[in-house]
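Everything quoted here is computed from the prediction, not taken from an experiment. Computed from heavy atoms alone, side chains included, the values below leave out hydrogens, waters and symmetry copies.
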Amino acid sequence: MSRRGLIVVWIMVLLSAAPKLDADPAHHELRSTQRIHADLPGTIVLENERVLIQRFIIQPGQSTGARTYAAHQLEVFVKGGILSSKTGRSTLWPDGRVVWLQDAGHDEGSTNTGRTAVELVWVTFKPVKSISHTGASGRQPTYGYLNYPNIPGEDVLENDQAIVQRFKMKPGEWEGLHAHNPNTFYIFIKGGHWLSKSKAHPQGISGTAEDGTVAWMDTIDMSEEHQSGNIGTTTSEVVWVALKD
């Protein structure tokens, strides 16, 4: 056999011995082309190397069809309601309810038996090679809890994948100066109108968000003197998710 032939054979041997990521259930994830609900098409609202985020709306009387969920998924009810299983069990899901699915699974889905549409946001966490912790190198994790000095937050959940918090801000309230860590995003349960100030923009930049708005957050250092205030007429509610790196 020629030298080139030996090299080709050796490469094929190495490839056949390489581990298959899909063989490990812990690394299972839904691709963009896969459906969570068999009879309910969703809309991709955000996707990057860390997450795939989809929105689903279940109209009154509509069935989702069978449901297939991956490991490490987050389900957020932007607009809650009553969902009933095929066994007849009905469950009331309030606005802003957050559910963590640790393991992959499959069920028969549910039907909206209420009078209003139910809006869901599904977050699929993509696998990362490792979780950073303080070790021999002394490197500190870049993730952490979001801290608004003037607005107390609700700790919704924390696990080895993420930190989830919920904040409500009344009209006229300001967050106070704070920083934003890398790899965070937010989901507005109740949108609103706000003004964001910083050292670069002391007069502030106004913005609005509708209920269900999802966005990735830029990293912001404390030195930028960043904070936002609710300049609308209604209380806003937002769920923040910080990914662990």
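Remark: of the listed residues Leu83, Thr111, Thr116, Leu83 is the sole one forming a side chain to side chain contact (heavy atoms under 4.5 Å, CB included) with Ile58.
One distance of note links CG of Leu101 with NE2 of His72; it measures 10.5 Å at 0.5 Å rounding. Remark: Asn150 CG to Glu175 CD distance equals 9.0 Å, nearest 0.5 Å. Between the CD1 atom of Ile163 and the OH atom of Tyr143 there is a distance of 7.0 Å, given to the nearest 0.5 Å. How far CZ of Phe167 is from CD1 of Ile151: 9.0 Å, rounded to the nearest 0.5 Å. Note: His178 NE2 to Gln227 CD = 8.0 Å, rounded to the nearest 0.5 Å. Here Ile36 contributes atom CD1 and Thr68 contributes atom OG1; the two are 9.0 Å apart, rounded to the nearest 0.5 Å.
Within the 3.5 Å criterion, the main-chain N or O of Gly212 finds a donor-acceptor partner in the side chain of Arg55. When atom types are taken as modelled, the side chain of Thr43 and the backbone of Val45 share no donor-acceptor pair closer than 3.5 angstrom.
Smallest separation of non-hydrogen atoms from Lys126 and Asn48: NZ-O, 2.8 Å. Contact record, Gly232 with Pro171: O-CB, 3.3 Å, taken as the closest heavy-atom pair. Contact detail for Ile189 and Val78: the closest heavy-atom pair is CG2-O, 3.7 Å. Looking at every heavy atom in both residues, Gly204 comes nearest to Lys197 through CA-CG, 3.8 Å. In this structure, Gly114 and Pro60 approach most closely via the heavy-atom pair O-CB, 3.5 Å. Contact record, Leu146 with Gln165: N-OE1, 2.8 Å, taken as the closest heavy-atom pair.
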Verdict with reasoning, Arg50 to Asn183, per side-chain contact (heavy atoms from CB on, under 4.5 Å): CA-CA 8 Å; Arg50 297 299 305 271; Asn183 297 322; 3.4 Å; yes
Could you walk me through whether Asp211 and Glu119 pass the side-chain contact (heavy atoms from CB on, under 4.5 Å) test, one step at a time? CA-CA 10 Å; Asp211 299 355; Glu119 182 177 344; 5.8 Å; no
Start with the C-alpha distance between Thr142 and Asn181, add both sets of side-chain angles, then the distance that settles side-chain contact (heavy atoms from CB on, under 4.5 Å), and finish with yes or no. CA-CA 7 Å; Thr142 58; Asn181 292 315; 5.9 Å; no
Run the side-chain contact (heavy atoms from CB on, under 4.5 Å) test on Lys170 and Asn230 for me, step by step, so that the C-alpha distance in whole Å, both residues' side-chain angles and the decisive distance to 0.1 Å come before the verdict. CA-CA 7 Å; Lys170 298 176 182 178; Asn230 183 347; 5.6 Å; no
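Cluster annotation: Met169 is connected to Val238 through the hydrophobic network of ILVMFWY side chains, with a link wherever side-chain heavy atoms come within less than 4.5 Å. Residue Phe77 is grouped with residue Leu40 when hydrophobic side chains (ILVMFWY) are merged at heavy-atom distances under 4.5 angstrom, including chains of intermediate members. The hydrophobic clustering, which links ILVMFWY residues whose side-chain heavy atoms are closer than 4.5 Å, places Tyr148 and Leu177 apart. Phe188 and Val99 fall into different hydrophobic clusters, where Ile, Leu, Val, Met, Phe, Trp and Tyr side chains are chained together by heavy-atom contacts under 4.5 Å. Val241 is connected to Leu46 through a chain of hydrophobic side-chain contacts under 4.5 Å among Ile, Leu, Val, Met, Phe, Trp and Tyr, so both are in one cluster.
Side-chain contact between Ile44 and Gln54 is present, with heavy atoms from C-beta onward closer than 4.5 Å. Using a 4.5 Å heavy-atom cutoff, the side chains of Leu243 and Phe185 are in contact. The closest side-chain heavy-atom distance from Lys79 to Ile57 is not below 4.5 Å. No side-chain heavy atom of Val239 sits less than 4.5 Å from a side-chain heavy atom of Val121. Residues Phe56 and Thr64 are not in side-chain contact: their nearest non-hydrogen atoms beyond the backbone lie 4.5 Å or more apart. Contact of the His180 side chain with the Trp240 side chain is registered, since non-hydrogen atoms from C-beta on lie closer than 4.5 Å.
Under a 4.0 Å N-O distance rule, the pair Glu158/Lys244 qualifies as a salt bridge. Electrostatic pairing of Glu237 and Arg166 counts as a salt bridge here, judged by a charged N lying under 4.0 Å from a carboxylate O.
The aromatic rings of Tyr69 and Trp122 sit parallel to each other, their planes meeting at less than 30°, with 60° as the upper class boundary.
The number of heavy-atom neighbours closer than 6.0 Å to CG of Asp155, taken from other residues, nucleotides and ligands shown, is above 12. Summarising the local packing, CD of Glu108 is surrounded by 12 or fewer heavy atoms from other residues, nucleotides or ligands at distances under 6.0 Å.
Side-chain polar atoms of His226 and Ser198 form no donor-acceptor pair below 3.5 angstrom.
Through direct or relayed side-chain contacts under 4.5 Å between Ile, Leu, Val, Met, Phe, Trp and Tyr, Ile82 connects to Leu92.
Aromatic rings of Trp194 and Tyr186 (six-membered ring for Trp) have centroids beyond the 6.0 Å cut-off, not under it.
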